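Here the structure is a predicted model, which is why all the values come from computation and not from measurement. Here is how names work: the chains are called A, B, and so on, in the same order as the sequence lines, proteins then strands, and each is numbered from 1.
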Amino acid sequence: MPELPEVETIRRDLLSRIVGRTITSAFVSSNAPRLVQLMPPAEFCKQLPGHRIEDISRRGKYLLVHLSGGLYWIVHLRMTGRFLHREDPCPEDPYLRAGFTLDNGSSLCFVDLRKFGTMWLIDDPSLVVGKLGPEPLSDDFTVAGLRDLLVRRSAPVKAVLLDQHAIAGIGNIYADEALFNAGINPRRAANKVSKPKTEALHAGVRQALLDALSDRGSSFSDYVDGSGRSGRHQLKVKVFRRTDQPCYSCGTQIRRVKVAGRSTHFCPNCQR
DNA sequence: CTTATTCCCTGATTGC
DNA sequence: TGCAATCAGGGAATAA
């Protein structure tokens, strides 16, 4: 499940490896008919070659590959997507959904078991990422902004953290970790989170993301970085997938419940 | 505007 | 042991 720390790790990996390269060929598997958005895959494969990769940025969980001519190649990995760069052509893989060759013989391989991943080739990225909430690691994410968000909503606070239009880039792992950091019960109504707890949540979100980023992301299942290596943060999570294990802070067994349709892990003692 | 539910997809897990 | 039903999850679409 690539979330902000995982996508940012991939971005940094790819940035050092493919900026300046020109795309020489593109292929999309016929068994991935939903991968390319807004245009037929054949059109996408025809347009991409010839463009030089100028930069790579990230917005929430979206990767934006800036191409020559002002075009953007946007990639979302969803649940099981992998976006890998290698020095030779993409190897045989039953889940290889798209492959791209670069002008130095290296390649980008898009591997995605569940086929939820999507990509766009588009002039105006705001059509794809324009409605996302603030970047939680930027100055746009403030305690006051978070407070405004929470007071208007009666949904569980975890549902708000997962809402990409509220804050961009948080998924199931870091929503649970952030709420633990802040000592907030995930089921608590957003508009009942106190002011001090809102401050704690703001800090808790940032800490969860920064901790994961420094570990190059969490590899619970499919996630690997831009070179195909696993992250390490799955070994350090405080609550996510630690059901029935003791809380590191108080020893109470971590509980698992369903909130906002997602598995949710928390310490019933530390998160009241 | 909000919140809840369904859908996409397939390997892993659970239940009988 | 075997096979079917359920689960996992990001986010768009749909319903209410």
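- Taking the side chain of A/Ala155 as heavy atoms from C-beta on, and the options B/dT10, B/dT3, C/dG10, the nearest nucleotide is B/dT3.
- For the pair A/Arg97 and A/Phe27, the cation-pi test (distance below 6.0 Å, angle within 45°) is failed.
- Nucleotides of DNA chain C nearest to A/Val128 and A/Met79 differ in position, and the one nearer the 5' end is that of A/Met79.
- Among the candidates A/Leu161, A/Thr198, A/Asn191, the single residue satisfying the side-chain contact (heavy atoms from CB on, under 4.5 Å) test with A/Leu150 is A/Thr198.
- B/dA4 atom P lies 15 Å from atom NZ of A/Lys258, rounded to whole Å.
- Atom CZ in A/Phe110 sits about 13 Å away from atom C1' in B/dC9, given to the nearest Å.
- A/Arg97 comes within 4.0 angstrom of nothing in the nucleic acid, heavy atoms only.
- Counting to the nearest Å, the C1' atom of C/dG11 and the CD1 atom of A/Ile167 are 16 Å from each other.
- Counting distance only, with no hydrogens placed and no angle test, the side-chain atoms of A/Arg78 and the base atoms of C/dG9 include no donor-acceptor pair under 3.5 Å.
- Within the structure, every side-chain polar atom (N or O) of A/Tyr62 is placed at least 4.0 Å from both OP1 and OP2 of C/dG11.
- Considering only side-chain atoms of A/Asn172, the nucleotide from C/dG10, B/dC9, B/dA4 that sits closest is C/dG10.
- In this structure, the aromatic ring of A/Phe116 is not positioned over the six-membered ring of the base of C/dG11 within 5.5 Å between centres and 30° between planes.
- Between the CZ atom of A/Arg153 and the C1' atom of B/dC1 there is a distance of 11 Å, rounded to whole Å.
- Nearest-nucleotide positions on DNA chain B place A/Ala159 closer to the 5' end than the other of A/Ala159 and A/Arg262.
- Residues A/Tyr223 and A/Thr80 have side chains that never bring a donor and an acceptor to within less than 3.5 angstrom of each other.
- Across every non-hydrogen atom of A/Leu63 and A/Val7, the tightest pair is CG-CG1, 3.8 Å.
- Between A/Arg114 and C/dG9 there is no side-chain polar atom (N or O) within less than 4.0 angstrom of OP1 or OP2.
- Residues A/Ala260 and A/Pro33 each lie close to DNA chain B; by heavy-atom proximity, the contact nearer the 5' end of the strand is made by A/Ala260.
- With C/dG11, B/dT3, B/dC8 as the choices, the nucleotide that has an atom nearest any side-chain atom of A/Ser154 turns out to be B/dT3.
- Residue A/Lys131 is out of contact with every strand shown, counting any heavy-atom pair closer than 4.0 Å.
- No engagement by A/Thr118 is indicated, since no non-hydrogen atom pair under 4.0 Å with the nucleic acid exists.
- At whole-Å resolution of the value, CG in A/Leu161 and P in C/dG9 are 16 Å apart.
- Computed from coordinates, the A/Asp163 CG to C/dG11 C1' distance equals 10 Å when rounded to whole Å.
- OP1 or OP2 of B/dC8 has not a single side-chain nitrogen or oxygen of A/Lys115 nearer than 4.0 Å.
- Nucleotide B/dC8 holds its P atom 16 Å from the CG atom of A/Asp112, rounded to whole Å.
- Of all the heavy atoms in A/Phe110 and A/Gly117, the pair that sits closest is CZ-CA, 4.1 Å.
- Contact annotation: A/Ser263 reaches the phosphate of C/dG9 (side-chain N/O to OP1 or OP2, under 4.0 Å).
- Using a 4.0 Å cut-off, some side-chain N or O of A/Arg152 falls inside it from OP1 or OP2 of B/dT2.
- The NE2-P distance, from A/His76 to B/dC8, rounds to 19 Å in whole Å.
- Within 6.0 Å of CG on A/Asp139 lie no more than 12 heavy atoms contributed by other residues, nucleotides or ligands.
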